[in-house]
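Here is the structure we will look at, set down as structure tokens.
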Amino acid sequence: MTNVVGEGAAGRGSRTLRAELVLKTLTVDLDPRERLRRVLEQTLVFAGATVAAVYTPGDGGELLCLVESAGVPRTLYGLRDSYPVTGGSPAADAHRAGRPLWLGPDELADCAESRRMPAGDVHLAALPVRAGAAVGDGGCLLAVTESPGGFDDDARDCLTLLADAVAWPAPTLAGDLGELPANAFSLAMDTGRVEVGDELLELFALDRTAFDGKVETLLGLTVPEDLPSLMSVVEADHMSIGDRELEFRVLQPAGPPRWLRLRGRLVTGGEGRPARLVGTVGDASTLRSGVTDVARVQRLAAALATAGTVRDVSQAVVTALREPLRADRIALAELENDRLVVTVLDPPEPEAWPESWRLEWRSEWPESPVRSMPTLAAALREGRAAIWPAGTEMEPALDGVGPGGLAVLPLPAGGRMAGLCLIGWDSPHEFGTDERALLTAAAGLAGQALTRAHAFDAEHELVGMLQRSLLPRRLPKLPGGVAEARYLPTTEGLEVGGDWYDVIPLPDNHVALVIGDVQGHNASAATLMGQMRTALRAYAVEGHPPDVVVSLSNRLLADMETDLFATCCYVEVDMEEGTAWYVRAGHLPPVVRHPDGTTEVVESDVGPPLGVLPRADFPMSMLRLQPGTLLALTTDGLVESAETDVEDGLNALAADLAAADPVHLGLVADALLAGANRNDDVALLLLRYDGMEKRPLRESWTVWRVPEAVRHARRFTRRTLRAWSLSGEAGGQENIQEGMDTVLLVVSELVTNALVHTDGQVRLDLTLFNGRLRVAVADNSPRTPIRPTNLGWEATGGRGMLLVEAMSATWGTVPVSGGKQVWSEIPLES
């Protein structure tokens with residue numbers, strides 16, 4: 001294993017030597033601003049700085065004005081656009097004294113600027129820079145780090161070296177007098193009139209005679225998708241004094257759009273003069289220099305500054321690194337206690353990742369204990385990035401991530417490790433020095449961004465934890481089908497919603513699918529959601545048909561002391577026959593994808609929302625499902641928004657469902673939620689009906705209350721098993737005959753118990769499936785049979801349930817409409 005960062009006692013100072021080598025590549029032939037930018041970017045790599053900025057005296061020499069910065073936005077650390085030269089700021093002190101200042105948290109607390117600095121282990125370095133050959137007249141370099149202990153000796157040597165390399169003359173981007181440089185522009189912010197150089201017009205495919213001097217003309221040639229970000233630069237309301245950099249595309253008369261890079265600075269016009277945006281525009285294809293261009297660090301820092309959540313941070317890192325590194329896969333994982341929780345996998349398909357990850361594939365991505373991957377455990381413990389070249393034997397959990405090379409980047413933040421970034425290649429990959437520096441700098445930025453985003457995610461996690469506690473932890477396995485569910489909480493605010501779903505297994509290979517939405521986003525809505533889910537499940541398990549289940553739930557909600565109402569769709573599917581009866585209580589209709597790929601939004605009668613009318617009617621409708629049919633139930637957060645009405649959203653959902661591959665139901669669910677409106681909660685429940693390859697055998701018998709009732713029940717049982725070729729009378733199969741005797745004994749005891757202790761009708765049901773016989777006796781009494789715990793010699797009854805328990809593989813009782821069903825399962829070998 002080769003360490004990317006491997007300084008020790010023997011190699012002390014090697015970081016400064018590497019910085020000197022890099023500075024030698026920054027020739028004086030570069031544009032002064034480009035050279036200054038690249039020098040600043042080295043402070044991010046070699047000094048471990050989070051942000052670096054150069055200030056030089058402005059007109060009149062009264063202010064130190066910002067010239068260039070690199071890293072995260074300087075406003076995060078309270079760095080100003082200018083400082084008075086005679087003031088007491090660290091920038092002014094270093095400029096006047098001509099010597100560096102190294103300030104830690106204690107020194108910064110005594111500084112007047114401390115109120116603008118964030119709390120925590122923040123360290124600031126202020127070093128004078130050159131103006132020609134003089135030190136102390138050219139301004140100063142400010143650098144900030146959150147590394148524990150601040151800038152160490154090597155970092156200070158690197159900063160001193162880099163400050164000496166900063167030689168910045170007065171800016172000459174675009175003035176009011178004289179001819180503009182060929183690639184420059186000057187935009188008056190009050191009128192929108194713009195002066196441009198000839199080279200810039202060529203980039204926009206315009207000639208001088210055809211250009212009317214309006215900025216709108218240039219904006220009209222921009223690719224529409226890039227226009228909003230470009231407008232944020234050229235509109236005065238969105239800018240502050242300082243520099244901006246942006247890449248965008250412009251349309252060409254022929255061929256694909258051209259990538260351009262704008263570098264601009266908003267400057268004040270002084271008394272009676274408007275502010276101007278001055279800068280340059282160049283061809284991005286010539287300005288980009290591949291993975292060795294450390295400018296990518298600044299672009300990554302800008303992307304991370306706007307990333308609000310941990311997942312957003314991970315996506316920004318993937319976007320910034322995968323293409324320039326030509327990597328085949330990237331994974332970012334956050335460290336939670338002793339587990340790595342992967343936040344982003346790119347590519348997202350399970351087949352692109354190791355087999356051990358696919359075994360527990362979920363929408364939230366796999367979770368792996370650190371101890372199962374010694375390579376990652378060592379990287380986290382040492383805090384050093386590591387490179388594993390092609391052909392290195394890896395542990396099973398990492399085998400296949402990077403057969404051509406694997407980069408393991410710990411993500412440091414605030415003295416701890418926030419997580420890991422894995423970058424893998426399929427073909428053998430050579431790691432250059434500059435590429436390793438890019439990886440190290442990117443890891444540091446990502447670690448700090450993860451820490452900032454984690455606080456935001458933690459608040460949302462509290463809400464999500466409450467929501468998940470009210471939803472099923474896992475969905476049951478279904479005979480003849482597969483169910484998949486997703487829930488996305490809203491990203492607006494921190495209030496919990498009332499969307500819910502449930503999958504309820506029912507007797508006789510039936511299953512109930514429920515999806516619903518309680519009005520509002522607050523604790524009351526969440527509490528009511530939990531109550532309604534429990535009520536629907538209880539009524540369903542009792543054996544009521546769908547309309548009765550929904551009607552009873554409606555009465556329950558109407559009797560509660562609440563002003564809230566709920567909508568729901570309840571579907572009961574017979575997995576043997578492929579029929580489904582469903583009821584809608586003010587909810588969206590199901591969307592069905594047929595086996596041939598066609599889809600439809602099912603139209604049916606709908607009842608009012610639950611809790612509105614206590615005596616409302618809820619009509620039932622029927623669906624016929626063929627093997628391969630996909631049934632989708634959702635809440636309005638997926639199909640309705642301020643820009644989209646419900647009908648258009650349902651049609652779009654049907655179109656997405658038609659284009660999906662139902663083989664991977666989890667991927668279908670993820671794809672349907674890819675463009676979900678996050679201003680509302682979203683619940684999605686999918687069922688793929690496959691049909692049962694082998695159906696159970698069933699027979700029923702109504703037991704009449706006559707003296708010979710038990711004998712008739714045994715005779716019916718014997719006759720049924722003979723018809724199923726399980727009587728054992730032919731061939732002398734002793735094991736089957738023994739099973740027959742057990743079945744007849746259980747039938748006798750259950751039927752006798754029902755006849756003696758209940759009134760009304762008694763029904764005997766026999767079901768044979770997968771070599772197990774289920775004997776079920778239903779009666780009209782809700783009272784559960786009690787198994788006696790102590791019987792004396794003189795007792796004449798009470799042994800029946802003890803016999804049933806002894807002779808059954810398993811037994812139990814379930815409520816049915818108006819009564820109960822006592823059942824027993826007995827294995828039969830054929």
Side-chain angles (χ1 to χ4, degrees), residues 504-510 512 535-549 551-552 555-556 572 696-721 739-769 772-826:
I504 309 169
L506 300 175
D508 299 333
N509 293 320
H510 284 226
L536 281 161
R537 173 174 280 266
Y539 293 140
V541 172
E542 282 187 355
H544 299 295
D547 56 342
V548 177
V549 170
S551 180
L552 292 174
R555 294 182 187 179
L556 176 65
E572 183 175 327
L697 300 176
R698 284 197 175 90
E699 288 292 344
S700 295
W701 173 265
T702 299
V703 181
W704 295 96
R705 292 182 174 272
V706 297
E708 300 293 326
V710 176
R711 185 170 64 86
H712 293 326
R714 287 198 299 267
R715 185 171 58 185
F716 161 75
T717 302
R718 189 181 295 108
R719 184 171 62 247
T720 300
L721 298 185
M740 274 289 300
D741 295 338
T742 301
V743 171
L744 294 177
L745 177 58
V746 169
V747 168
S748 298
E749 294 300 332
L750 292 182
V751 171
T752 300
N753 191 71
L755 292 174
V756 171
H757 297 289
T758 69
D759 297 322
Q761 183 176 335
V762 175
R763 190 184 74 251
L764 170 64
D765 296 313
L766 301 177
T767 304
L768 179 65
F769 186 65
R772 294 176 75 93
L773 181 69
R774 180 186 177 96
V775 178
V777 175
D779 56 60
N780 293 335
S781 173
R783 183 168 176 242
T784 302
I786 299 176
R787 183 177 66 88
T789 58
N790 185 21
L791 289 176
W793 286 101
E794 298 179 356
T796 59
R799 293 184 174 85
M801 299 315 300
L802 292 177
L803 288 173
V804 170
E805 181 180 24
M807 306 302 290
S808 305
T810 180
W811 76 284
T813 178
V814 294
V816 295
S817 182
K820 68 174 181 299
Q821 183 188 76
V822 185
W823 58 271
S824 165
E825 285 194 1
I826 303 166

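Keep in mind that what you see is a predicted model, and the values were worked out from it rather than measured. Excluded from the calculations below are hydrogen atoms, water molecules and symmetry mates; all remaining heavy atoms, backbone and side chain alike, are included.
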(Q) Set out, in order, the CA-CA distance, both residues' side-chain angles and the distance that settles side chain to side chain contact (heavy atoms under 4.5 Å, CB included) for Asn509 and Phe769, then state yes or no. (A) CA-CA 11 Å; Asn509 293 320; Phe769 186 65; 5.5 Å; no
[X] side, atom [atom1]; [Y] side, atom [atom2] - distance, nearest 0.5 Å:
{"X": "Arg711", "Y": "Leu744", "atom1": "CZ", "atom2": "CG", "answer": "13.0 Å"}
{"X": "Trp811", "Y": "Met801", "atom1": "CH2", "atom2": "CE", "answer": "3.5 Å"}
{"X": "Thr758", "Y": "Asn780", "atom1": "OG1", "atom2": "CG", "answer": "7.0 Å"}
{"X": "Ser748", "Y": "Leu803", "atom1": "OG", "atom2": "CG", "answer": "10.5 Å"}
{"X": "Trp704", "Y": "Leu755", "atom1": "CH2", "atom2": "CG", "answer": "13.0 Å"}
{"X": "Arg714", "Y": "Glu708", "atom1": "CZ", "atom2": "CD", "answer": "9.0 Å"}

Q. Closest approach of Ala754 and Arg705, non-hydrogen atoms and distance?
A. O-NH2, 3.8 Å
Q) Do you know the tightest heavy-atom contact between Ala540 and Leu506? A) O-CD2, 3.5 Å
Any side-chain heavy atom of [X] within less than 4.5 Å of one from [Y]?
{"X": "Met740", "Y": "Leu773", "answer": "no"}
{"X": "Ile504", "Y": "Val541", "answer": "yes"}
{"X": "Trp701", "Y": "Thr717", "answer": "no"}
{"X": "Val775", "Y": "Trp823", "answer": "no"}
{"X": "Asp759", "Y": "Ser781", "answer": "no"}
{"X": "Val822", "Y": "Pro785", "answer": "yes"}

Q. Partners of Ser700 by side chain to side chain donor-acceptor pair (under 3.5 Å), sequence neighbours excluded?
A. Asp765
Q. Of all residues at least two apart in sequence or in a different chain, which pass the side chain to side chain donor-acceptor pair (under 3.5 Å) check with Glu542?
A. His544
Q: Go through the steps for Val703 and Arg763 under the test side chain to side chain contact (heavy atoms under 4.5 Å, CB included), then give the verdict.
A: CA-CA 6 Å; Val703 181; Arg763 190 184 74 251; over 6 Å; no
Q) Can you tell me if Asp508 uses its side chain to pair, donor with acceptor, with the backbone of His510 under 3.5 Å? A) no
Q) Are the side chain of Arg774 and the backbone N or O of Ile826 linked by a donor-acceptor pair below 3.5 Å? A) no
Q: Check step by step if side chain to side chain contact (heavy atoms under 4.5 Å, CB included) holds for Leu764 and Thr702.
A: CA-CA 6 Å; Leu764 170 64; Thr702 299; over 6 Å; no
Q) Take atom CZ in Arg783; do more than 12 heavy atoms of anything else shown fall under 6.0 Å from it? A) no
Q) Yes or no on side chain to side chain contact (heavy atoms under 4.5 Å, CB included) for Val706 and His712, after CA distance, side-chain angles and deciding distance? A) CA-CA 9 Å; Val706 297; His712 293 326; 4.1 Å; yes
Q) With respect to Lys820, which candidate in Thr813, Thr784, Asp779 satisfies the side chain to side chain donor-acceptor pair (under 3.5 Å) definition? A) Asp779
Q | Modelled atom types, side-chain donor and acceptor of Ser824 and Ser808, under 3.5 Å | A | yes
